[in-house]
Amino acid sequence: MLVADEELRLCESCLTVQPAAEFRLRFAGRDTRLGQCRACHNAAERERRAARRVQRDHAQIGKFANALKRAPRRDTAELLCQAMTQQFGGLVGFASAWVAQGKWACDSRPGGKRALDFFRAVAHLVELCSASVPDLEDLTDDDLERAFRDQMQRLIVAHPELAIEAAEQLGWQVTPN
């Protein structure tokens, strides 16, 4: 309920008339107020922060793609991928950011330098990963078993939470040592 002597203002964004108390002060200690109501101001700030996050993610993925393009060995590429996976909150976050970067690079200027750099990084990553995979027909059963065991140990050390989840899905009881 509005009091008769309460000052009313028009929000420039939503075009509603609201009490002056619903508008933020422009500066602390002064009586001047913003032209947007609190709800519109908060929504605009959320959009601004989301846009800055996207910009920051594009910049980080761009740096990653450039470093990946120049990675001399597979282990360097693995370290880069691990760092980015941690930075983006897991594999899903990293993959989402990587796909978004590819779309953004292609949409911003099809055939441009960003798109070319992105695909060079992808091609170099594929090249590094495929060059180190041995032909399975050339391995003996013992070599194959040893390679599989080593790879599983590296995976468990890098991501113990996946091992615990897999064990629980199998119905095994996991106890810490």
Side-chain angles (χ1 to χ4, degrees), residues 13 39-177:
S13 296
C40 292
H41 177 77
N42 290 345
E45 281 297 304
R46 277 192 296 276
E47 287 178 22
R48 183 186 66 77
R49 284 192 295 272
R52 285 186 68 196
R53 267 193 305 276
V54 167
Q55 243 179 353
R56 184 189 66 232
D57 289 351
H58 282 314
Q60 289 175 336
I61 289 287
K63 287 178 186 176
F64 166 71
N66 283 333
L68 188 59
K69 235 178 16 182
R70 290 180 265 116
R73 298 187 322 264
R74 181 173 187 231
D75 57 345
T76 306
E78 281 181 11
L79 288 173
L80 284 167
C81 289
Q82 285 177 357
M84 292 306 291
T85 301
Q86 285 179 340
Q87 189 167 351
F88 282 94
L91 189 58
V92 173
F94 171 56
S96 300
W98 184 251
V99 168
Q101 176 75 7
K103 287 180 182 177
W104 177 73
C106 291
D107 291 345
S108 65
R109 188 164 179 225
K113 184 174 179 348
R114 283 186 189 137
L116 182 61
D117 285 347
F118 178 79
F119 288 113
R120 277 185 184 158
V122 171
H124 189 62
L125 181 62
V126 169
E127 178 185 344
L128 288 172
C129 291
S130 62
S132 64
V133 176
D135 189 9
L136 297 180
E137 293 176 357
D138 295 340
L139 296 176
T140 66
D141 288 344
D142 291 335
D143 292 339
L144 186 60
E145 184 178 335
R146 188 173 24 263
F148 179 74
R149 191 177 331 108
D150 291 345
Q151 184 63 28
M152 289 304 296
Q153 286 176 350
R154 282 195 296 271
L155 180 65
I156 290 170
V157 168
H159 303 284
E161 69 279 359
L162 294 177
I164 292 170
E165 183 179 329
E168 288 173 349
Q169 287 178 357
L170 291 171
W172 298 352
Q173 184 177 9
V174 180
T175 56
N177 286 340

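Values reported hereafter were calculated over all heavy atoms of this structure, with side chains retained and with hydrogens, waters and symmetry mates removed.
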Determine whether the aromatic ring centres of residues F64 and W98 are separated by less than 6.0 angstrom. yes
Of all heavy-atom pairs linking L68 and A121, the shortest is CD2-O, 3.8 Å
R70 side chain near T76 side chain, heavy-atom distance below 4.5 Å: no
Validation row: Q55, H58 side chains within 4.5 angstrom (heavy atoms): no
Heavy atoms from other residues, nucleotides or ligands near CD of E45 exceed 12 (cutoff 6.0 Å): yes
Does D150, at its CG atom, have more than 12 non-hydrogen atoms belonging to other residues, nucleotides or ligands within less than 6.0 Å? yes
Show your reasoning for whether side chain to side chain contact (heavy atoms under 4.5 Å, CB included) applies to D57 and Q101. CA-CA 8 Å; D57 289 351; Q101 176 75 7; over 6 Å; no
Can a donor-acceptor pair be found between the side chains of Q151 and R154 at a distance below 3.5 Å? yes
Any heavy-atom pair between the side chains of C106 and F119 that's under 4.5 Å? yes
For the CZ atom of R149 and the CD atom of Q153, what is their distance to the nearest 0.5 Å? 7.0 Å
Does the distance from a Lys or Arg side-chain N to an Asp or Glu carboxylate O, for D107 and K103, drop under 4.0 Å? no
Hey, is CZ on R48 packed in by over 12 heavy atoms from elsewhere, all under 6.0 Å? yes
Presence of salt bridge, D143 and R146, under 4.0 angstrom: yes
Nearest heavy-atom pair of Q60 and M84: which atoms, and what distance? O-CE, 3.9 Å
Would you say K113 and L116 make side-chain contact, with heavy atoms under 4.5 Å? no
